Amino acid sequence: MSRSAIIREVVMMPPTDAEVEQAARDFRAAIDAAGPEPWALKHITYPRGACGHAAELLGRYLIERLGITADYVNQDASDDIGGWRHSHAWLEGSTSRFVTRTAVS
């Protein structure tokens with residue numbers, strides 16, 4: 001490893017919560033701008049029903065943009081809605097909690 005690579009590695013600071021939040025906002029803006037069409041090609045309803053896929057994509061984006069990893073979390077709802085069971089997925093990390101919000105409010 002070269003001296004400059006070692007110096008960069010030593011100086012590398014983890015991103016701040018604000019940087020992680022901005023990256024998540026940029027990611028959300030990009031997938032919102034793309035609209036539902038790319039999701040429909042894979043038979044995924046967006047935004048409702050895409051939280052798991054969006055969380056996976058956001059995780060990859062955070063690795064590429066900030067060099068951080070996050071844990072994928074999925075929780076089933078305890079009740080059903082008219083026979084339809086539902087769940088939600090999001091990312092959690094050690095420096096921040098990343099929540100992917102894809103449900104329509």
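Because the structure is predicted, anything quoted here is derived from the model rather than measured. Counting from 1, the numbers follow the sequence of the chain as shown.
- If you take NE2 on His53 and CH2 on Trp39, they are separated by 7.5 Å, rounding to the nearest 0.5 Å.
- For the residue pair Trp90 and Glu92, a side-chain donor N or O sits within less than 3.5 Å of a side-chain acceptor on the partner.
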Asp32/Tyr46 under side-chain contact (heavy atoms from CB on, under 4.5 Å): CA gap, chis, key distance, verdict: CA-CA 9 Å; Asp32 283 346; Tyr46 179 83; 2.4 Å; yes

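- Residues passing the side chain to side chain contact (heavy atoms under 4.5 Å, CB included) test with Ile63, sequence neighbours excluded: Thr69.
- Residue Leu58 comes nearest to Ala24 through the heavy atom pair CD1-CA, 4.2 Å, listed as atom of the first residue, atom of the second, then distance.
- Contacts of Glu56 classified as side chain to side chain donor-acceptor pair (under 3.5 Å), with partners at least two apart in sequence or in another chain: none.
- The side chain to side chain donor-acceptor pair (under 3.5 Å) check on Tyr61 picks up Arg65, with sequence neighbours excluded.
- The closest donor-acceptor contact from the side chain of Thr45 to the backbone of Arg48 lies at 3.5 Å or more, if one exists at all.
- Side-chain contact between Ile68 and Pro15 is present, with at least one heavy-atom pair separated by less than 4.5 Å.
- Between Asp26 atom CG and Ile31 atom CD1 the span is 12.0 Å, to the nearest 0.5 Å.
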Audit row: Leu62, Phe27, side-chain contact (heavy atoms from CB on, under 4.5 Å) steps and yes/no: CA-CA 9 Å; Leu62 292 173; Phe27 174 82; over 6 Å; no

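- Of all heavy-atom pairs spanning Gly49 and Ile44, the tightest one is O-CG2, 4.0 Å.
- Remark: Glu64 pairs with Arg60 by the salt bridge (Lys or Arg N to Asp or Glu O under 4.0 Å) rule, at least two apart or across chains.
- When all heavy atoms are compared, the tightest approach of Gly52 to Ala89 is CA-CB, 3.6 Å.
- You'll find the side chain of Glu19 stays beyond 4.5 Å of the side chain of Gln22, heavy atoms only.
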